[in-house]
Amino acid sequence: MYIKTKKTTRPSFYDVAIPTGWNECTDKQKRIIFFILSIKKGAPAKVSIFLKLTRISILKEDDLGYLCSRRGTRFYIASWEMMSFIQKLSWLDTPGSYPSPLSVMHGRKAINERLYTVDFETYLELESFYQMYMESIPNKSLERKNKALMGMFNILYPQTRFWHKWRKSLPLDTELAIITWMAQVKGLLSNYFKDFFQPAENMADNSGHVNVLELCNAQIRALTAGDITKEDDALKKKCWRALTELNAKAKEAKELKKLQNDNK
């Protein structure tokens with residue numbers, strides 16, 4: 001996206017480009033975004049992000065706007081213009097459903113952004129840590145939150161580094177990066193496997209969110225026909241393959257239930 005602001009030196013325009021989504025951000029831009037979001041919230045955060053991403057400096061602020069500079073050129077941004085610019089950053093309010101993680105974090109390389117390389121057992125472990133994290137927030141359990149974050153971090157960025165052998169917590173900007181990636185993955189999987197992730201009775205909380213672990217356990221039993229000797233094979237499958245089969249099972253069950261209701 002390009003914004004245009006009139007120069008104060010002559011009647012021409014100055015173009016700067018900013019991302020229109022997480023998938024358009026470079027690693028450097030994501031680091032800037034997560035750092036600012038770790039110390040600021042709301043409109044002030046978006047203004048700071050806008051200024052950092054465009055490399056615009058505010059020289060002076062008055063009641064009507066801002067006298068700015070970029071690469072030696074001075075120009076004026078009215079307050080209403082600034083508000084319109086930061087509204088273009090509204091995509092920051094949601095993680096979206098297109099996984100776009102940092103490729104490297106604290107010296108560790110990320111696994112496949114869509115978890116293509118992850119087996120089903122590891123996926124369930126990742127989901128377990130995510131649920132532990134979400135449950136720790138209202139309970140204000142710092143110990144459980146840190147355990148969950150480190151668990152997700154070690155799976156998503158598995159390369160072993162001495163720096164993390166003793167570390168028991170992660171910086172807030174790293175936390176935001178991990179949770180954003182997880183939310184993006186969950187959004188992606190929910191779109192791909194709608195029948196499987198559709199809220200079911202007794203498997204959703206009051207907000208309608210599905211308890212994925214209970215849902216997976218129920219579907220694994222269906223996938224293996226209750227034969228526990230087949231569970232290991234099911235867990236060793238790549239998660240996308242396993243979820244594809246589970247989604248097909250869920251779809252069959254939904255169609256069968258609909259057929260039974262129609263025949264009543």
Is the shortest heavy-atom distance from the side chain of [X] to the side chain of [Y] under 4.5 Å?
X: Lys251; Y: Lys194; value: no
X: Phe85; Y: Val47; value: no
X: Lys186; Y: Phe197; value: no
X: Leu156; Y: Arg108; value: no
X: Leu189; Y: Tyr123; value: yes
X: Met152; Y: Ile155; value: no

Kindly give the heavy-atom pair with the smallest separation between [X] and [Y], and that separation in Å.
X: Cys68; Y: Ile58; value: SG-CG1, 4.2 Å
X: Lys46; Y: Leu89; value: O-CD1, 3.6 Å
X: Leu59; Y: Arg74; value: CD1-NE, 3.6 Å

So, the side chain of [X] versus the backbone of [Y]: is there a donor-acceptor pair under 3.5 Å, distance only?
X: Ser190; Y: Gly187; value: no
X: Thr180; Y: Pro95; value: no
X: Glu127; Y: Leu124; value: no
X: Arg70; Y: Ser57; value: no
X: Asn247; Y: Leu243; value: no
X: Lys238; Y: Thr117; value: yes
X: Thr174; Y: Leu170; value: no
X: Asp27; Y: Leu102; value: no
X: Asn154; Y: Pro158; value: no
X: Trp22; Y: Thr94; value: yes

Among Lys30, Gln184, Glu113, Glu24, which one satisfies side-chain hydrogen bond (donor to acceptor under 3.5 Å, both in side chains) with Ser100?
-> Lys30
Is a side-chain donor-acceptor pair under 3.5 Å present for Glu81 with Tyr76?
-> no
Distance (rounded to the nearest 0.5 Å) between [X] [atom1] and [Y] [atom2]:
X: Ile178; Y: Phe129; atom1: CD1; atom2: CZ; result: 11.5 Å
X: Ser141; Y: Glu135; atom1: OG; atom2: CD; result: 10.5 Å
X: Leu235; Y: Asp119; atom1: CG; atom2: CG; result: 8.0 Å
X: Lys88; Y: Thr20; atom1: NZ; atom2: OG1; result: 10.5 Å
X: Ile49; Y: Ile18; atom1: CD1; atom2: CD1; result: 10.5 Å
X: Cys25; Y: Phe34; atom1: SG; atom2: CZ; result: 8.5 Å

Would you check, one step at a time, whether the test side-chain contact (heavy atoms from CB on, under 4.5 Å) holds for Asp173 with Leu37?
-> CA-CA 7 Å; Asp173 55 343; Leu37 290 178; over 6 Å; no
For residues Tyr98 and Trp91, establish whether the separation of their ring centroids is below 6.0 Å.
-> no
Quick one: do Asn139 and Arg144 satisfy side-chain contact (heavy atoms from CB on, under 4.5 Å)? Show the steps, please.
-> CA-CA 10 Å; Asn139 296 332; Arg144 284 180 62 81; 5.9 Å; no
Is there a path of hydrophobic side-chain contacts, each under 4.5 Å between heavy atoms, that joins [X] and [Y]?
X: Leu142; Y: Tyr133; result: no
X: Leu188; Y: Met134; result: yes
X: Tyr66; Y: Trp80; result: no

Residue pairs fulfilling ring-ring contact (aromatic ring centres under 6.0 Å, His included) with at least one residue in residues 168-195, sequence neighbours excluded = Tyr157-Trp181, Tyr192-Trp240, Phe193-Trp240
So Lys237 and Glu121, salt bridge (Lys or Arg N to Asp or Glu O under 4.0 Å) or not? Walk me through it.
-> CA-CA 8 Å; Lys237 291 181 179 180; Glu121 184 173 19; over 6 Å; no
Kindly determine whether Thr122 and Cys239 satisfy side-chain contact (heavy atoms from CB on, under 4.5 Å), including the steps that lead there.
-> CA-CA 8 Å; Thr122 303; Cys239 69; over 6 Å; no
Decide, yes or no, whether a salt bridge links Lys254 with Asp195 under the criterion of side-chain N to carboxylate O below 4.0 Å.
-> yes
Is Lys249 paired with Glu245 through a side-chain N to carboxylate O contact shorter than 4.0 Å?
-> no
Got a sec: does the CZ of Phe35 have more than 12 other heavy atoms crowding it under 6.0 Å?
-> no
Candidate pair Ile111 and Tyr116, rule side-chain contact (heavy atoms from CB on, under 4.5 Å), full reasoning | CA-CA 9 Å; Ile111 61 175; Tyr116 285 151; over 6 Å; no
